[in-house]
Amino acid sequence: MYGLSYPVFTTVVDKLKPHITASNLSLPSDYAVSMVLSRLAHGFSAKTLASRYSLEPYLVSKITNMVTRLLATKLYPEFIKIPVSRRRLIETTQAFEELTSLPNMCGAIDGSPIKVKRGDIEGNMYKCRYGYSSVLLQVVADHKKVFWDVCVKAPGGSDDASHLRGSVLYNRLVSGDVVWDKVINVRGHHVRPYIVGDWCYPLLSFLMTPFSPNGSGTPAQNLFDGMLMKGRSVVVDAIALLKGRWKILQDLNVGLDHAPQTIVACCVLHNLCQIAREPEPETWKDPDEGGVPARGLENEKSFHYFGDSLRQALADDLHQRLSSR
């Protein structure tokens, strides 16, 4: 009914209770949380829940807004964290290496449009590549399909590269604010932990993308691309699981102002479920995407140059290791 097991439900209630109590809400905390979880898990409208819980629709909307805001702000720092601690970084990079044979990969990035109510929107900037009005979700996932970064800042008509460049994560990686305590040497190149994405993202020293979208590279490059996309598959699966578990994300029935916090709240709950190893429900897959390869910007030249040489070194090293087995 609520998209998660009773032990995880009690964890959510216990963590939110002090904040809900402080808000002087006239409902018990577990009642408020259960109502919002049922809405997120099934995509019920405020009107549907109002009749079920004998409340006014405006009050259901108000409680949904409060609980999702608390999840997206108070619980986010605890459950969505960049893997900078040495133990977690080693666990993540080793798991990706077992999956892909590529060293020091620490995450996979992707974007996904979240459908919103058309009545809230003017103009075409929110129309996504699939033709409906949406906002864009960007996530980075680890090998366990746990998100370690979430960003909802762009209308659905934006491309993945622009959304990335507008994110806090991009600015932290470009400025060197994220300190990865794990550097390896591959063919004379210092390789810090990096994330992987498809060709809709720019190639940068901290973001590896495929050489070719159609397999027209050298044998070493094509092998690298296949392994990179294998690593990227974890984020595709994580988004499919997120939308399968929290069905409200298949057709978001909250106001546009509250859309980002509702989406982030679902990502926090997704991580709680993954960490607790909850059973995985039936997933919701987005259609396969096309999209044009991203172009590098002038101010990214040095990141692209290093990324290009790193990628080739990783491809040559991978080809040599696998062909000599």
Side-chain angles (χ1 to χ4, degrees), residues 3 36-46 61 64-65 67-69 71-73 75-76 79-80 108-141 145-169 197-198 200-201 234-274 281-291:
V36 175
L37 287 177
S38 66
R39 187 173 181 190
L40 301 179
H42 299 280
F44 296 138
S45 67
S61 294
T64 303
N65 179 28
V67 172
T68 55
R69 180 172 45 79
L71 285 164
T73 55
L75 267 60
Y76 184 103
F79 292 101
I80 301 181
I109 188 169
D110 201 16
S112 178
I114 307 293
K115 189 176 181 183
V116 292
K117 292 189 291 188
R118 185 173 290 166
D120 285 354
I121 288 162
E122 292 175 15
N124 280 332
M125 62 191 291
Y126 284 88
K127 188 176 271 192
C128 72
R129 54 185 171 262
Y130 307 127
Y132 53 78
S133 298
S134 64
V135 292
L136 199 54
L137 165 66
Q138 172 188 289
V139 289
V140 184
K145 296 178 275 196
V146 170
F147 301 130
W148 58 250
D149 188 76
V150 176
C151 178
V152 190
K153 285 183 88 169
S158 306
D159 58 81
D160 288 340
S162 301
H163 196 193
L164 168 69
R165 289 174 177 130
S167 68
V168 172
L169 177 66
D198 64 14
C200 295
Y201 289 96
V234 299
V235 72
V236 176
D237 293 344
I239 291 169
L241 191 53
L242 171 76
K243 289 186 173 183
R245 188 174 265 141
W246 308 109
K247 293 185 177 62
I248 195 169
L249 299 182
Q250 296 170 19
D251 195 350
L252 202 56
N253 55 22
V254 299
L256 192 59
D257 288 349
H258 298 143
Q261 72 181 39
T262 307
I263 297 164
V264 174
C266 290
C267 291
V268 170
L269 291 167
H270 164 89
N271 275 12
L272 269 154
C273 291
Q274 288 303 102
E282 195 174 323
T283 58
W284 168 277
K285 277 270 167 74
D286 287 328
D288 287 338
E289 59 185 303

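These numbers were taken from a predicted model, which means no experiment stands behind them.
With sequence neighbours excluded, no residue forms a side-chain hydrogen bond (donor to acceptor under 3.5 Å, both in side chains) with T283. Residues that satisfy the side chain to side chain contact (heavy atoms under 4.5 Å, CB included) test with S45, not counting sequence neighbours, are K47, T48, N253. With sequence neighbours left out, D237 forms a side chain to side chain contact (heavy atoms under 4.5 Å, CB included) with K145, K285. The side chain to side chain contact (heavy atoms under 4.5 Å, CB included) search around V139 returns L137, F147, V150, V235, I239, C267, not counting sequence neighbours. A41 pairs by the side chain to side chain contact (heavy atoms under 4.5 Å, CB included) definition with W246, not counting sequence neighbours. Not a single ring pair (Phe, Tyr, Trp, His ring centres under 6.0 Å) links F79 to another residue, sequence neighbours left out.
Looking at every heavy atom in both residues, A265 comes nearest to A72 through N-CB, 4.2 Å. Closest heavy-atom contact between C266 and I248: SG-CG2, 4.0 Å. Considering every non-hydrogen atom in both D160 and Q138, the closest pair reads O-OE1, 4.4 Å. Pairing each heavy atom of V116 with each of A259, the nearest pair is CG1-CB, 4.4 Å. In terms of heavy-atom proximity, G244 sits nearest to Q250 at CA-NE2, 4.2 Å. A pairwise comparison of heavy atoms in V234 and A141 identifies CG2-O, 4.3 Å as the closest pair.
Environment of NZ in K127: sparse, with no more than 12 heavy atoms of neighbouring residues, nucleotides or ligands closer than 6.0 Å.
For the atom pair I114 CD1 and T262 OG1, the distance stands at 11.0 Å (nearest 0.5 Å). H258 NE2 to N65 CG: the interatomic distance, rounded to the nearest 0.5 Å, is 3.5 Å. Note that OH of Y201 and CG of L164 are 6.5 Å apart. Values are rounded to the nearest 0.5 Å. Rounded to the nearest 0.5 Å, atoms NZ (K117) and OG (S133) are 12.5 Å apart. Of the inter-residue distances, the one linking K115 atom NZ with Y130 atom OH reads 13.5 Å to the nearest 0.5 angstrom. With rounding to the nearest 0.5 Å, the separation of OG in S134 from CG in L249 is 12.5 Å.
Contact of the K243 side chain with the S112 side chain is registered, since non-hydrogen atoms from C-beta on lie closer than 4.5 Å. Between L256 and V135 there is a side-chain heavy-atom pair separated by less than 4.5 Å.
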Worked check of side-chain contact (heavy atoms from CB on, under 4.5 Å) between L136 and D159: CA-CA 9 Å; L136 199 54; D159 58 81; over 6 Å; no
Working for side-chain contact (heavy atoms from CB on, under 4.5 Å), residues L269 and L37: CA-CA 9 Å; L269 291 167; L37 287 177; 3.6 Å; yes
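A side-chain donor-acceptor contact under 3.5 Å links H163 to the backbone of K153.
Screening T64, T73, T68 for a side chain to side chain donor-acceptor pair (under 3.5 Å) with Q261, the sole residue that qualifies is T68.
F44 and H42 have parallel rings, their planes meeting at less than 30° on a 0 to 90° scale where 60° marks the start of perpendicular.
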